[in-house]
Participant: 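Before we start, here is the structure in question, set down as structure tokens.
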There are 2 protein chains.
Amino acid sequence: MTSSQSLRHQLAQELRSLIRSGKLAPGDKLPSEPELAHERAVSRSSMRAAITMLEEEGFVSRRHGSGTYVTHRPALPNDLSRNFGVSSLIASTGLEPGTAEETCELVLAPPFVAEALEVPEGAEVTSLRRVRTADGRRFVDTTDWCRADHLSPEKLSGMGDGSVYAALAARGLVVHHGVATITPGNADAETALRLGVARGALLLTIDQVDMTAEGVPVLVSREHHLADAFSFTVVRHGPGVGPEVDR
Amino acid sequence: MTSSQSLRHQLAQELRSLIRSGKLAPGDKLPSEPELAHERAVSRSSMRAAITMLEEEGFVSRRHGSGTYVTHRPALPNDLSRNFGVSSLIASTGLEPGTAEETCELVLAPPFVAEALEVPEGAEVTSLRRVRTADGRRFVDTTDWCRADHLSPEKLSGMGDGSVYAALAARGLVVHHGVATITPGNADAETALRLGVARGALLLTIDQVDMTAEGVPVLVSREHHLADAFSFTVVRHGPGVGPEVDR
DNA sequence: ACGCTCCAGGTTGTCGGACAACTAGCGCGG
DNA sequence: CCGCGCTAGTTGTCCGACAACCTGGAGCGT
């Protein structure tokens with residue numbers, strides 16, 4: 001089960017790898033669609049569908065009658081709209097990930113968590129709080145909440161630097177997308193203590209609600225990042241091409 | 001010239017409008033592809049291509065053998081990956097936009113600007129600095145830099161609350177995408193003065209480089225947002241569907 | 001020698017039809 | 001009542017064809 005996705009997803013994946021690995025450099029012209037399709041023994045339709053996905057993501061740009069070209073796009077250190085989870089965040093930097101101060105318990109859902117998870121106020125939810133480290137240095141304080149009937153504290157605890165997404169997926173809850181809200185802030189007494197910094201230290205807080213494709217919210221998380229630990233980047237699509245003009 | 005885009009882009013645009021207007025609510029099942037295609041007198045191929053774009057953007061989710069469904073996606077106040085420019089940011093909140101402290105001049109490019117715009121260090125570039133207001137309250141201090149041969153200070157000055165993107169597009173420089181970096185920070189003396197807040201006030205800084213589809217960088221901007229003015233959101237695509245698994 | 005037009009090849013865009021793979025719900029039989 | 005299989009409906013993939021468009025060069029006239 002190397003990949004149970006549909007064909008065009010696999011093809012898109014391969015093209016993305018080619019671009020990221022540098023085999024297809026920015027500005028390069030891709031082989032023609034029939035050629036790409038023939039090389040891989042797939043139909044042009046599937047190849048076109050894959051390229052359409054890449055185009056929508058901004059990796060390539062098509063020019064009618066001319067060809068398809070790789071977009072100039074810098075290597076993003078931390079693409080907010082793509083990367084998921086602190087684990088992959090650390091992994092992408094090459095640092096050694098670790099975990100400290102892990103607590104997993106049943107707690108009363110804070111109001112904003114209850115609302116996001118669509119459970120009654122005051123209901124008990126599973127909470128996982130961790131301090132994540134890179135090369136031993138503490139740099140982010142995370143708290144995850146999910147419904148107790150989705151994932152019990154026993155199932156969730158002791159996962160170390162594993163991803164909560166994997167634990168959820170094992171229960172059939174595949175996260176499809178999430179909405180993150182980004183705000184700057186200063187460390188309160190507790191967070192400062194956990195991160196080992198002075199109170200009032202500069203933080204970047206990311207609040208996120210993750211849901212399945214059906215729109216069922218399954219995970220709420222709040223991450224306090226040290227300001228100088230990472231810088232986050234986002235690719236923004238221009239007004240001309242993207243879904244704008246209206247509203 | 002309502003839209004000179006390719007057919008599938010128009011179709012995708014129409015579907016997006018249907019979803020945003022609420023005619024297609026989250027969870028709804030779309031009509032089948034042949035049906036949608038027949039209604040609009042287009043081929044199923046084009047309709048499929050349009051839906052593929054929507055799928056990649058996360059608006060809909062396809063299920064083989066079942067149908068295509070509208071994703072449960074909340075209305076985003078400020079979608080970082082879509083919205084462009086402070087103007088549209090204010091407009092989306094319903095507040096009255098305004099501009100103060102506008103300065104437009106030729107300056108020596110700061111190192112990071114020179115590098116991003118690919119001009120020699122020490123070259124002169126056009127700089128536009130503005131304090132943007134909403135309902136009269138100052139809330140963001142922006143500086144834009146672009147190549148002097150792309151847009152002269154005369155062309156750029158006196159645009160009030162207009163968008164720099166429009167001015168660039170009028171010169172044939174259509175911004176295709178941009179890369180934004182987000183960092184928290186504290187206001188230095190000058191920024192604090194311009195924004196009318198105490199020195200050290202909490203800020204969210206967005207550094208951005210905008211480029212054309214050919215990868216030519218045309219605009220560099222730095223925006224200092226007051227922390228309590230806006231909260232920014234990003235839609236993140238899940239690990240299961242998105243381009244992950246490798247790296 | 002220079003510039004212009006025209007043309008031919010290559011590439012993407014759209015079309016139509018066909019079949020495979022899969023889902024979900026219904027009805028039948030146990 | 002439960003479970004099984006069947007069937008209609010839907011998405012996934014394939015094939016072939018033609019239109020629209022871009023690019024570069026050949027050929028012509030000046």
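Every chain is numbered from 1, with letters handed out A, B, ... down the list of sequences.
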Participant: Any side-chain heavy-atom pair from B/Met53 and B/Phe59 closer than 4.5 angstrom?
Facilitator: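 SC-SC contact between B/Met53 and B/Phe59 ruled out.
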Participant: B/Gln10 CD to C/dG13 P: how many Å, rounded?
Facilitator: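 It is 13 Å, rounded to the nearest whole Å.
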Participant: Kindly indicate, with the supporting measurements, whether the criterion side-chain contact (heavy atoms from CB on, under 4.5 Å) is fulfilled by B/Asp144 and B/Arg130.
Facilitator: CA-CA 9 Å; B/Asp144 297 303; B/Arg130 292 180 288 180; 3.8 Å; yes
Participant: Can you tell me how far P of D/dA19 sits from CG of B/Leu7, to the nearest Å?
Facilitator: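 After rounding, the reported distance stands at 17 Å.
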Participant: Let's see if you get this right: which residues in residues 31-40 of chain B place a heavy atom under 4.0 Å from DNA chain D?
Facilitator: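 Within this stretch, B/Ser32, B/Glu33 sit under 4.0 Å of the strand.
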Participant: Is it true that B/Glu55 and A/Arg8 have a side-chain N and a carboxylate O under 4.0 angstrom from each other?
Facilitator: yes
Participant: Polar-atom pairs under 3.5 Å, protein N or O versus N or O of nucleotides 22-25 of chain D: list them with distances, or write none.
Facilitator:
none

Participant: Round to a whole Å and report the spacing from CD1 of B/Ile51 to P of D/dT11.
Facilitator: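 So the two atoms are 7 Å apart, to the nearest Å.
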Participant: Keeping the roles fixed (side chain from A/Ser152, backbone from A/Ala148), state whether a donor-acceptor pair exists under 3.5 Å.
Facilitator: no
Participant: In whole Å, what is the span from the CE atom of B/Met47 to the P atom of D/dT11?
Facilitator: 11 Å
Participant: Is B/Ile206 close to B/Arg222 at the side-chain level, that is, under 4.5 Å between some pair of heavy atoms?
Facilitator: no
Participant: Can you confirm whether A/Ile182 sits close enough to A/Thr205 that some side-chain heavy atom of one is under 4.5 Å from a side-chain heavy atom of the other?
Facilitator: no
Participant: Report yes if a side-chain nitrogen or oxygen of A/Thr68 is closer than 4.0 Å to either non-bridging phosphate oxygen (OP1 or OP2) of C/dT12; otherwise report no.
Facilitator: yes
Participant: Just how far, in rounded Å, is C1' of C/dA18 from CZ of B/Arg44?
Facilitator: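 Answer to the nearest Å: 10 Å.
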Participant: Roughly, in whole Å, what's the span from CG in A/Leu30 to P in C/dT12?
Facilitator: 8 Å
Participant: For D/dG12 and B/Arg48 - does any side-chain N or O of the residue sit under 4.0 Å from the phosphate oxygens OP1/OP2?
Facilitator: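 So the side-chain polar atoms of B/Arg48 do come within 4.0 Å of the phosphate oxygens OP1 or OP2 of D/dG12, strictly under.
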Participant: So, is A/Arg62 near the phosphate of C/dT11, with a side-chain N or O under 4.0 Å from OP1 or OP2?
Facilitator: no
Participant: Sequence neighbours excluded and cut-off under 3.5 Å, please list the side-chain donor-acceptor pairs for residues 31-41 of chain A, or say none.
Facilitator:
residue	atom	partner	partner atom	Å
A/Ser32	OG	A/Glu35	N	3.4
A/Glu33	OE1	A/Arg44	NE	3.0
A/Glu33	OE1	A/Arg44	NH2	3.0
A/Glu33	OE1	A/Arg48	NH1	3.2
A/Glu33	OE2	A/Arg48	NH1	3.0
A/Glu33	OE2	A/Arg62	NH1	3.0
A/Arg40	NE	A/Glu14	OE1	3.1
A/Arg40	NE	A/Glu14	OE2	3.1
A/Arg40	NH1	A/Leu36	O	3.2
A/Arg40	NH2	A/Glu14	OE2	3.1

Participant: For A/Arg8, which contact category applies under a 4.0 Å heavy-atom criterion: base, sugar-phosphate, or nothing?
Facilitator: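 Answer is sugar-phosphate: A/Arg8 comes under 4.0 Å of backbone atoms only.
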Participant: Would you say that A/Leu151 contacts A/Leu168 through its side chain, given a criterion of any heavy-atom pair below 4.5 Å between the two side chains?
Facilitator: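 Yes - at least one pair of side-chain heavy atoms lies under 4.5 Å apart.
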Participant: Take atom NZ of B/Lys29 and atom P of D/dG9, then tell me their distance rounded to the nearest Å.
Facilitator: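 Taking NZ of B/Lys29 and P of D/dG9, I get 11 Å after rounding.
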Participant: Decide yes or no on side-chain contact (heavy atoms from CB on, under 4.5 Å) for A/Glu57 and A/Arg16, but give the supporting numbers first.
Facilitator: CA-CA 10 Å; A/Glu57 295 167 24; A/Arg16 273 186 284 257; 2.5 Å; yes
Participant: Roughly how many Å is it from NE2 in A/His9 to C1' in D/dT11, rounded to a whole number?
Facilitator: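 After rounding, the reported distance stands at 11 Å.
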